[in-house]
Protein chains: 2
Amino acid sequence: MQRTLKPPPPRGATLSDVAAAAGVSTMTASRVMNGRGGASEETKARVLAAATTLSYRPNSFARGLKGDRSFTVGIVVPDIGNPFFPEIIKGAELAARARGFTLLTCNVVEDPEREAEVLATLLDRRVDGVIVCSARLEDKRLQEAIEPHRAAVLINRPMSRRIAGTIEIDFRTGLAAATRLLIDRGRRRFAYIGGLATSHSGRMRRAGIIDALTEHGLELALEEATTPNLEGGVDAARRLLERGTGIDTVICYNDLVAIGAMSVIHERGFVIPRDIAVLGCDDILPARLVNPPLSTMHVAKQDLGDAAMRMLIDRIEGRNLQQSITIEPELIERGTT
Amino acid sequence: MQRTLKPPPPRGATLSDVAAAAGVSTMTASRVMNGRGGASEETKARVLAAATTLSYRPNSFARGLKGDRSFTVGIVVPDIGNPFFPEIIKGAELAARARGFTLLTCNVVEDPEREAEVLATLLDRRVDGVIVCSARLEDKRLQEAIEPHRAAVLINRPMSRRIAGTIEIDFRTGLAAATRLLIDRGRRRFAYIGGLATSHSGRMRRAGIIDALTEHGLELALEEATTPNLEGGVDAARRLLERGTGIDTVICYNDLVAIGAMSVIHERGFVIPRDIAVLGCDDILPARLVNPPLSTMHVAKQDLGDAAMRMLIDRIEGRNLQQSITIEPELIERGTT
DNA sequence: CTGAAAGCGCTAACAA
DNA sequence: TTGTTAGCGCTTTCAG
């Protein structure tokens with residue numbers, strides 16, 4: 001079908017149009033437009049006036065082609081449908097814009113292949129750097145996908161400092177503390193519904209729970225892995241309850257999983273938290289809305305996005321000050337524990 | 001501070017590198033890479049081999065500078081924190097990628113100024129087209145911001161066909177039907193919590209309610225306007241209940257507002273739906289999770305994003321077949337009505 | 001079937 | 001303070 005392309009709207013004024021209108025050379029116009037010094041007040045005024053009249057807008061392609069910066073950065077998230085990530089994106093975008101960068105958001109739908117693909121596309125688009133959230137790719141391939149980028153920041157995944165800055169949410173410590181608290185309250189038979197096997201931060205969460213359990217001579221009673229969304233939580237909880245060995249606590253990879261699990265637990269006639277306590281991670285909006293409201297590990301998501309973006313831009317600009325940041329999640333007790 | 005820029009990673013191979021390696025001219029290499037005819041099988045093979053060896057990736061800036069397409073499209077949303085929009089973005093991104101386009105997502109945080117600004121940035125980035133969701137800009141400025149783009153699709157906002165394709169969710173009809181149903185069930189004193197005054201689709205929702213009310217000789221008992229998020233819902237519901245004239249139904253601009261309102265209604269000791277029925281719009285995830293689960297007007301969000309993107313690409317490519325689509329929302333009764 | 005030349009819009013480097 | 005030259009990587013003529 002592919003008919004003729006719609007003709008582009010009358011191409012906007014170029015820098016030489018502006019220069020001509022102001023009666024100066026392109027170079028002078030360029031200097032004025034970029035606020036570089038070296039132009040008499042008078043010339044400057046003339047150029048600026050011409051630019052306004054012609055409503056001149058610089059062509060970012062030409063700029064990108066020439067200079068070696070695009071003032072574009074990418075962010076890759078596993079699932080934009082999980083409210084956790086839009087909050088991070090929001091923080092990152094604000095920080096990016098404040099520094100003159102445009103943000104390219106890519107959703108990977110939990111598919112490692114897509115992740116590699118997207119990182120390559122971003123490279124083609126000549127982004128100045130990338131933020132990757134919860135990368136699912138295995139170490140070697142992730143490194144290969146990240147390395148060609150000028151700068152990178154990984155959220156929730158460790159990586160050699162040389163290749164990427166990292167921001168980790170210390171769920172291990174956080175969940176260990178939370179687990180201890182639950183043990184003190186008399187909980188004994190813990191189950192963990194983890195995320196995908198490929199998730200580094202899922203393993204950290206598990207480790208935190210085990211840490212606390214071990215201190216008290218306890219073991220993890222049951223365990224399931226699942227895709228980190230609502231449906232995954234439902235499935236995993238079903239399997240869990242079928243294997244049912246009188247668990248009294250379910251700790252979940254994230255809030256979505258926890259909320260899915262809660263619905264199954266209710267369905268099976270258990271009372272939360274009396275029979276079974278439930279704990280999530282992330283503190284997304286729905287967590288406070290379910291019934292009873294979900295206890296969870298709160299993470300400052302917008303701050304996280306903001307910090308990641310600042311770190312990324314620092315790295316792009318050769319300031320590798322902060323190589324790694326750790327954020328402590330905070331236990332918020334609501335009605336499920 | 002602004003230290004020296006981190007040196008860009010060794011620039012990837014260019015088309016002439018590939019050409020050189022294959023022993024042909026740049027032009028031939030270009031033709032092969034773009035699958036344009038006119039190259040002997042043998043030459044073709046050699047070029048392709050060279051490209052692979054050098055892991056050649058075309059420079060999208062050079063392409064964009066020359067040709068007049070960037071294969072990038074933008075989508076503008078008022079608030080990425082509202083789960084309604086990530087779903088639309090998801091559908092749109094999938095459709096875009098399937099056709100070789102990259103999607104640039106911009107969050108406007110409900111600020112008309114930002115909306116204009118973002119549309120200009122997108123123009124600078126030479127996107128081939130834009131999708132704008134729930135534009136808040138007033139008609140004239142919106143038109144000015146949209147018109148310079150080669151193609152545009154507006155979601156939930158009417159516009160001259162020449163300037164943009166439109167996708168409307170017919171909340172007017174949908175809410176009229178829902179309102180009629182509620183009237184049949186004996187509800188009489190309706191309140192409406194609308195969105196911002198600048199929201200076209202907010203006015204349409206209101207009109208639908210009024211349509212049904214008028215048919216039955218009823219009037220809207222109370223009305224409030226607010227920012228379309230959870231906090232907005234809380235505020236508006238407070239004001240509503242203070243003016244309290246025994247309303248028995250609250251219809252809300254969207255689910256977030258409805259959920260905010262529900263919390264206030266509970267707080268004040270009313271029982272939902274016995275004392276007051278609540279109806280939302282959009283059917284976002286949290287709607288099914290609150291207690292009681294929220295009745296709402298369901299919208300197929302991913303399909304909407306998909307349809308918008310197809311329409312946009314059609315327009316970019318000069319196929320203005322579908323100029324306007326109307327989507328019917330569907331009443332989902334859960335526990336609040 | 002293949003190549004040479006020109007130029008998209010911009011800026012870095014060097015003159016003047 | 002200002003201008004000239006050259007070239008970023010690609011594709012669109014137009015010739016061979």
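So that the names make sense, note that chain A is the first sequence line, chain B the second, and so on, each numbered from 1.
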Taking the side chain of [X] as heavy atoms from C-beta outward, which of [options] is closest to it?
X: B/T14; options: D/dG9, C/dG3, D/dT2; value: D/dG9
X: A/M27; options: C/dT11, D/dT11, D/dC10; value: C/dT11
X: A/T43; options: D/dT1, D/dG3, C/dG9; value: D/dT1

**Item:** Along DNA chain C (nearest heavy atom to each residue), the more 5'-positioned of A/R31 and A/L15
**Value:**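 Whichever sits nearer the 5' end wins; that is A/L15.
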**Request:** For B/A62 and for B/G23, find the nucleotide of DNA chain C with the closest heavy atom, then tell me which residue's nucleotide is more 5'.
**Result:**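 Of the two residues, B/G23 wins.
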So, OP1 or OP2 of [N]: does either fall under 4.0 Å of a side-chain N or O from [X]?
X: B/S30; N: D/dT11; result: yes
X: B/S40; N: C/dT2; result: yes
X: A/N59; N: C/dC8; result: no
X: B/T26; N: C/dG3; result: no
X: A/S25; N: D/dG3; result: yes

Mind calculating the distance between [atom1] ([X]) and [atom2] ([N]) to the nearest angstrom?
X: B/K66; N: C/dA5; atom1: NZ; atom2: C1'; answer: 11 Å
X: B/F71; N: D/dT11; atom1: CZ; atom2: C1'; answer: 13 Å
X: B/D17; N: D/dC8; atom1: CG; atom2: C1'; answer: 13 Å
X: B/F61; N: C/dC10; atom1: CZ; atom2: P; answer: 14 Å
X: A/L65; N: C/dC8; atom1: CG; atom2: C1'; answer: 9 Å
X: A/R63; N: C/dC10; atom1: CZ; atom2: P; answer: 8 Å
X: B/Y56; N: D/dT11; atom1: OH; atom2: C1'; answer: 11 Å
X: A/N34; N: C/dC10; atom1: CG; atom2: P; answer: 10 Å

Separation of [Y] [atom2] from [X] [atom1] (nearest 0.5 Å):
X: B/L122; Y: B/E117; atom1: CG; atom2: CD; value: 11.5 Å
X: A/D111; Y: A/L137; atom1: CG; atom2: CG; value: 9.5 Å
X: B/M309; Y: B/I131; atom1: CE; atom2: CD1; value: 3.5 Å

**Request:** Would you please say whether a donor-acceptor pair under 3.5 Å links the side chains of B/T72 and A/R125?
**Result:**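 Checked: B/T72/A/R125 side chains pair up, N/O donor to acceptor below 3.5 Å.
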**Message:** Walk me through whether A/E147 and A/R162 qualify under salt bridge (Lys or Arg N to Asp or Glu O under 4.0 Å).
**Reply:** CA-CA 9 Å; A/E147 203 154 16; A/R162 197 178 45 75; 3.7 Å; yes
**Prompt:** Of the non-hydrogen atoms in A/R315 and A/R161, which two are nearest, and what is the gap between them?
**Reply:**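 Minimum heavy-atom contact is NH2-O, 2.9 Å.
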**Rounded to 10 degrees, the angle between the two terminal axes of the helix from C/dC1-D/dG16 to C/dA16-D/dT1, each from five pairs** =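 The angle, to the nearest 10 degrees, is 40°.
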**Message:** Could you check whether any side-chain N or O of A/N107 sits under 3.5 Å from a backbone N or O of B/K90, counting only pairs where one atom can act as donor and the other as acceptor?
**Reply:**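 No, the answer is negative, given that no donor and acceptor are paired below the 3.5 Å cut-off.
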**Prompt:** Are the side chain of B/S60 and the backbone of A/D124 linked by a donor-acceptor contact shorter than 3.5 Å?
**Reply:**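 Confirmed, B/S60 side chain pairs with A/D124 backbone.
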